[in-house]
Amino acid sequence: MLRHTEQAMGTVFSFAVRGGPAGALAPAVAELHRLDGLFSTYRPQSQLSRLGRGELTVDQCDPLVAEALAHCAAVRARSGGFFTERPGGRLDLSGWVKGWAVERASDLLTAAGCPDHTVTGGGDVQARGTGPDGQPWRVGVADPARPQALAAVLAGSGAFAVATSGTAERGAHIVDPVAGRPAGGALSVTVVGPRLALTDAYATAAFAMGPHRALDWVTALAGHEALVVLPDGRRLGTPGLARHLAQG
Amino acid sequence: MRRTVVTGVATVSLVVLLLGLKPHGSGGSGSQALISSDQGAAVPATAPSTPSGSATPSAPASSGQPATGTRTVTGNAVDTRFGPVQVRITVTGGKLTKVDVLQYPAESGRDREINAYALPQLNQEAIAAGSANIDAVSGATYTSDGYTRSLQSALDQAGQGGSG
């Protein structure tokens, strides 16, 4: 298994690639930095920062900016406003871009002849193909209350994405955009789906909703399931989640 | 009208009892007590229904003859700080034998709802990451600083000289 880590977007991306030609990682790694350069809210000269200040129009930006804005608007509508491209009122697409970057890097790895791999960015995972010995990939969900322990182990092959939102690492960084205050109610919400960009955005929205509404909402989303960890340690799942629970 | 007051007190006591039974963080099965319960606690069964409640005796029960027969009494909806609660009690042979909750506060409903999402496959014990044989870790968003303390970091380091 080839493993590689790469710093970008204020976090760390990890690659685990089974087989494949040497050099296959290069385009995937370059894509992370390209998106970071376009969408960073920490770089005053990024296209997104300039767009936010009104120095550029969407048409003057890279076409990826318009594409990302369209995706964000779609998830905002689908989530009843619990996902937003303007958290705190400022244009910030990070809720979409990180998962999207991982998904696009995974697409590039597949195109480069590496169909079996995982790409992880800041705790969100896109797995493709199969894992060691042709078995499903096994993705641990970090226990938000107990460092170095897992709340669950999920398994999947083919296109398998796992994204977790919560307060564990960054504190209460997700604001409920409907109520305008830090989201609460669950320690973490994990969403499982085929592709990470949507899966990650759904996890962000679901966490902001609180556990009850999140479970109802994700249950109704085709192709996605959710795992919720409550402050009292209870773990709840949408009806289809059991399919993804690994044995042992 | 004094009997009405007695029934009202009994209903409120039941409400308090039931709210006291409300399970907090204790898994799923306990919530059944909110919906229906069989209880051996004896209460005076002589009280007829309140004026706005309805009594449905399933056996002819004349006042002052509580020792035999079964009757159900629907109490008034009572406002609690959690929301309205309304119960129906069944009395058999002078003993309270069953409580049905007809209305309960939204919070209780949510408890019941959320228990529908319980995962019996997962017990409450933590899974030790070291024994789980995992390929990647999904966790609440971590920064590059947090990465060094993360399970993903441990996996990446373990894989440096790994096979495959």
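From a predicted model like this one, the values you see are computed outputs, not experimental measurements. What you see below is based on every heavy atom in this structure, not just the backbone, and it leaves out hydrogens, waters and symmetry mates. In the text below, chain A, chain B and the rest are named by the order of the sequence lines, each starting its count at 1.
Only the side chain of A:Leu227 comes within contact range of chain B, with at least one heavy atom under 4.5 Å from a heavy atom of that chain. Proximity to chain B involves both the backbone and the side chain of A:Gln148, based on heavy atoms less than 4.5 angstrom apart. Heavy atoms closer than 4.5 Å to chain B are found in the side chain of A:Thr120, but not in its backbone. If you measure heavy-atom distances from A:Ala127 to chain B, you find no contacts under 4.5 Å at all.
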Dump the intermediate steps for side-chain contact (heavy atoms from CB on, under 4.5 Å) on A:Leu241 and B:Tyr117, then the final yes or no.
CA-CA 10 Å; A:Leu241 184 77; B:Tyr117 289 112; over 6 Å; no
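A:Ser46 pairs by the side-chain contact (heavy atoms from CB on, under 4.5 Å) definition with A:Ser40, A:Arg43, A:Leu48, A:Ser49, not counting sequence neighbours. Residues passing the side chain to side chain donor-acceptor pair (under 3.5 Å) test with A:Glu6 are A:His4, A:His33, sequence neighbours excluded.
Residues A:Leu35 and A:Met9 meet the side-chain proximity criterion, which asks for heavy atoms closer than 4.5 Å.
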